[in-house]
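Remarks on the structure that follows.
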Amino acid sequence: MSEGGGLKQRRIVVLISGSGTNLQALIDAQNTPSLPATRITLVLSNRKAAYGLTRASQANPPIRTSYLALQPFLKANPGKTRDDYDIEIARIVVREKPDLVVLAGWMHIMGDGFLDVINGDRCLDPEENVAKPIPVINLHPALPDAFDGANAIERAYEAFQKGEVPKTGVMVHRVVKEVDRGTPVIVSEVEITTGEPIEVFEERLHKVEWEIIVQATAKVLDEVVPLYRSG
């Protein structure tokens, strides 16, 4: 559905760090029955070489991109801290006035400052104040309460092969101040077999990720901005 089709467009900002395959799933789904009346207004990366930025610029129509990495930010701003960086990321996001923020392979753990701004608990400037908390969701390749943090796929695979866990999966959860501890929006188990090469398992897991990141985005958007006819 197009912006001129009578439906109010829901706006999302996507944060990435890498190749952007999950971003691509969202790009392909925007303004389709899977993600109706939805537009990605900005893709923000903390890595300059992230291929996801190219995916965004090559989309039809092209999606605006932005780049801000921690170490260059600190180098260019003597005396600034990691928390200042997180707040600057929040500032960029808030300026877009999104209905939802999606972390799709964002490899940087946000400090409290980011959520304080996004939730409206910390005002940056009067014109950038958040009147209503903006929901933030994150894709994590593990089941709830298992393998929080980095390298979750490799850790889950190894644990299964050792017989330490019976299964694994992926989830999209709401972002809170505790890493990977927000309420799950969608959880999906992914089959894994003993002795299976990790490349085979990982490929199958990524396909599930591409499905549930779209489903979770649609679910949360429907909660905060239900579809309706404008005018």
Side-chain angles (χ1 to χ4, degrees), residues 12-23 25-26 29 34-35 46 52 70 82-83 86 89-90 93 99-119 121 133-224:
I12 62 176
V13 170
V14 183
L15 274 57
I16 64 165
S17 296
S19 66
T21 57
N22 295 301
L23 166 66
L26 290 168
S34 297
L35 210 53
N46 67 337
L70 175 60
R82 183 186 178 106
D83 191 54
D86 292 345
I89 292 290
V93 170
D99 298 301
L100 174 65
V101 180
V102 183
L103 310 185
W106 173 255
M107 303 303 291
H108 169 81
I109 297 174
M110 298 289 200
D112 293 354
F114 174 81
L115 286 178
D116 285 343
V117 174
I118 295 296
N119 291 334
D121 297 328
I134 303 167
V136 184
I137 59 175
N138 177 56
L139 177 69
H140 185 62
L143 296 175
D145 303 320
F147 307 106
D148 298 343
N151 304 314
I153 296 175
E154 294 82 359
R155 289 156 56 210
Y157 173 84
E158 184 178 349
F160 178 86
Q161 302 302 334
K162 291 179 177 178
E164 296 171 355
V165 296
K167 58 188 177 182
T168 188
V170 296
M171 68 171 171
V172 176
H173 64 89
R174 297 179 188 274
V175 174
V176 296
K177 292 182 179 180
E178 295 76 31
V179 178
D180 297 329
R181 291 288 172 167
T183 304
V185 178
I186 292 181
V187 178
S188 183
E189 293 183 7
V190 178
E191 182 186 1
I192 181 171
T193 57
T194 304
E196 175 182 41
I198 189 170
E199 295 81 9
V200 175
F201 163 65
E202 197 166 357
E203 181 179 355
R204 190 167 60 255
L205 181 141
H206 286 322
K207 290 179 180 178
V208 177
E209 287 182 326
W210 303 336
E211 294 176 0
I212 72 167
I213 196 169
V214 172
Q215 293 167 359
T217 297
K219 183 176 180 179
V220 176
L221 279 175
D222 286 345
E223 293 172 4
V224 296

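Given the structure is predicted, the values throughout are model-derived calculations rather than measurements.
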Next item on the list: Could you grab the distance from atom CG of D116 to atom CG of D121, nearest 0.5 Å is fine?
Entry: 5.5 Å
Check: Could you walk me through whether L115 and M110 pass the side-chain contact (heavy atoms from CB on, under 4.5 Å) check?
Finding: CA-CA 8 Å; L115 286 178; M110 298 289 200; 5.8 Å; no
Next item on the list: Answer whether the closest heavy-atom distance between the side chains of V214 and L26 falls below 4.5 Å.
Entry: yes
Next item on the list: Would you please test L70 and N46 for side-chain contact (heavy atoms from CB on, under 4.5 Å) and show each step?
Entry: CA-CA 7 Å; L70 175 60; N46 67 337; over 6 Å; no
Note to self: Under a 3.5 Å threshold, yes or no: a donor from one side chain and an acceptor from the other, between E209 and H206?
What the structure shows: yes
Next item on the list: Check the surroundings of atom CD in E164: do more than 12 heavy atoms from other residues, nucleotides or ligands lie under 6.0 Å from it?
Entry: yes
Notebook entry, point to check: Got more than 12 heavy atoms from elsewhere within 6.0 Å of CD, E223?
Noted result: yes
Margin query: Quick one: does any side-chain atom of H140 pair with a main-chain N or O of F147 as donor and acceptor, under 3.5 Å?
Written below: yes
Item checked: Side-chain heavy-atom pair Q161, I192 within 4.5 angstrom cut-off -> yes
Checklist line | Non-hydrogen atoms of P141 and A152 that approach each other most closely | finding: O-CB, 3.8 Å
Next item on the list: Could you label the plane-to-plane angle of the H108 and W106 rings as parallel, tilted or perpendicular, counting under 30° as parallel and over 60° as perpendicular?
Entry: perpendicular
Check: Taking atom CD1 of I16 and atom CG of N22, what is their separation to the nearest 0.5 Å?
Finding: 10.0 Å
Note to self: Using modelled atom types and a 3.5 Å cut-off, is there a donor and acceptor pairing between side-chain atoms of Y157 and backbone atoms of E199?
What the structure shows: no
Checklist line | Heavy-atom pair with the smallest gap, counting every atom of F201 and V190 | finding: CE1-CG1, 4.0 Å
Check: Is it true that a side-chain atom of K219 and a backbone atom of V185 form a donor plus acceptor pair closer than 3.5 Å?
Finding: yes
Check: How close do I137 and V175 get, heavy atom to heavy atom, and via which atoms?
Finding: C-CG2, 3.9 Å
Note to self: As an exercise, state the distance from CE of M171 to OG1 of T183, rounded to the nearest 0.5 Å.
What the structure shows: 10.0 Å
Margin query: Let's go through L103 and L139 carefully: what are the C-alpha distance in whole Å and the side-chain angles of both, what is the deciding distance for side-chain contact (heavy atoms from CB on, under 4.5 Å) to 0.1 Å, and is it a yes or a no?
Written below: CA-CA 6 Å; L103 310 185; L139 177 69; over 6 Å; no
Check: Out of curiosity, Q215 CD to L35 CG, how far, rounded to the nearest 0.5 Å?
Finding: 11.0 Å
Item checked: Qualifying residue, where the test is side chain to side chain contact (heavy atoms under 4.5 Å, CB included) with V170 and the options are L143, I153, I212 -> I212
Next item on the list: Apply side-chain contact (heavy atoms from CB on, under 4.5 Å) to the pair W210 and T21, showing each step before the final yes or no.
Entry: CA-CA 8 Å; W210 303 336; T21 57; 3.3 Å; yes
Item checked: Side chain E189, main chain T168, donor-acceptor under 3.5 Å -> no
Next item on the list: State whether the side chain of R204 and the backbone N or O of E191 hold a donor-acceptor pair below 3.5 Å, judged by distance alone.
Entry: yes
Note to self: When you measure from the side chain of R155 to the backbone of D148, do you find a donor-acceptor pair of N or O atoms at a distance under 3.5 Å?
What the structure shows: yes
Margin query: Show the nearest heavy-atom pair for residues L23 and A104, with the distance to one decimal.
Written below: N-CB, 4.4 Å
Margin query: Testing the basics here: between V165 and A156, what is the closest heavy-atom pair and its distance to 0.1 Å?
Written below: CG2-O, 4.2 Å
Next item on the list: Report yes if the side chains of T194 and F160 come closer than 4.5 Å at any heavy-atom pair, otherwise no.
Entry: yes
Note to self: If we check side chain to side chain contact (heavy atoms under 4.5 Å, CB included) with L100, which of these qualifies: V14, V220, V13, V224?
What the structure shows: V220
